[in-house]
Peer 1: 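Quick one: this structure, given as structure tokens, is what I'll be asking you about.
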There are 2 protein chains.
Amino acid sequence: MTPQRLAIAREVLVQDHPTAAEVYEAVRDRFPTMGLATVYATLNVMVERGLLRPLAFESAVRFDANVTPHANLICTACGRITDYDGCDDVLRTLRDRAATDAGFELEQQRLDLYGRCAGCMAMDVSASDRGQSHSPIA
Amino acid sequence: MTPQRLAIAREVLVQDHPTAAEVYEAVRDRFPTMGLATVYATLNVMVERGLLRPLAFESAVRFDANVTPHANLICTACGRITDYDGCDDVLRTLRDRAATDAGFELEQQRLDLYGRCAGCMAMDVSASDRGQSHSPIA
DNA sequence: ATTGGTGCAAAGGTTTTGCATTTAG
DNA sequence: CTAAATGCAAAACCTTTGCACCAAT
């Protein structure tokens, strides 16, 4: 455990669901000598140890500090990714059903819900000319 | 609509959930002069027109010819991806719940179920030394 | 001393871009 | 004829690898 690793871990927790490059940019301020390769190495170690979950999107891989089963609410307008935990029972249902219907033994799942978050929907009604920030999500 | 495009479309339907490179390898036999760039261009056009859905995994982007809401059963042993349609009601539940709980207007969803398919589970009990094909999935 | 982390540069792989040529409608 | 598709090469990106150096036990 080094200061660099701590800084990287901190950024993953502080930032929403950052990419490696976003973590790199953030820690660069405090550790100007650190290279991108170190960030990748550290993130990969954390993934192997089960502390982080990599989420591949079309534009980039993002890292989720929430490794428990949950859904990701992904706003197609602002790009923000929010964890949503109100679907444990649904995920359990899927597990049972996959086993019964397809003989599939479920180990893990990923559930991404794409749409418009409450904030962006509010902006739509108040100002339709509001520039919607380009979504970082594919 | 050109013969090349037809061949590419055919491959996406015939193969499970191929990557661009896999489609390229397959059409190469009948169109030896075709380049990878053409395959990418064609696949992107099909995605824009809503005929195909890109599924980003850590190792590659795969293309799904099933654009209706469904789950993907992804075997962590053999890597096969199977569409699973037995969860329409569950997806509808999620849509309603996301709207109620988080004010989130759901437009689209992606549901990936990772685990072991029936075939690979059968192999486990019969021969534990059976070489499990390396999963093409991250 | 040995293990592991860091930093740098280079390599590998995937996807996109630019442009000239060919083809379809 | 006009617009679009193709093929090729090069570029842009993201991620990994190799290796030397440094730090910690």
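From a predicted model like this one, the values you see are computed outputs, not experimental measurements. In what follows, every heavy atom counts, from backbone to side chain, and hydrogens, waters and symmetry copies are set aside.
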Peer 1: Looking at every heavy atom in both A/E11 and A/P18, which two are closest together, and how far apart are they?
Peer 2: O-CG, 4.3 Å
Peer 1: Charged N to carboxylate O under 4.0 angstrom, A/D89 versus B/R97?
Peer 2: yes
Peer 1: Within the 4.0 Å limit for protein heavy atoms, which parts of nucleotides 12-25 of chain D are touched? Write it as a string from 5' to 3', B for base, S for sugar-phosphate only, - for none.
Peer 2: --SBBB--------
Peer 1: Is there side-chain contact between A/C87 and B/L94, with at least one heavy-atom pair below 4.5 Å?
Peer 2: yes
Peer 1: Indicate yes or no for a side-chain donor-acceptor contact from B/R110 to the backbone of A/D112 under 3.5 Å, with no hydrogens or angles considered.
Peer 2: no
Peer 1: If every non-hydrogen atom of A/F31 is compared with every non-hydrogen atom of A/A7, which pair is closest and at what distance?
Peer 2: CE1-CB, 3.6 Å
Peer 1: In terms of side-chain heavy atoms, does A/E107 have a donor or acceptor partner in B/T76 at a distance below 3.5 Å?
Peer 2: yes
Peer 1: Can you give me the first and the last nucleotide of DNA chain C (5' to 3') that has an atom within less than 4.0 angstrom of a non-hydrogen atom in chain A?
Peer 2: C/dG5 to C/dA9
Peer 1: On DNA chain C, check which nucleotide each of A/T33 and A/V45 is closest to and give me the residue with the more 5' one.
Peer 2: A/V45
Peer 1: Got a second to check how far A/M46's CE is from A/I8's CD1, nearest 0.5 Å?
Peer 2: 6.0 Å
Peer 1: Applying side chain to side chain donor-acceptor pair (under 3.5 Å) between A/N72 and each of A/D83, A/T82, A/N66, report the one that passes.
Peer 2: A/D83
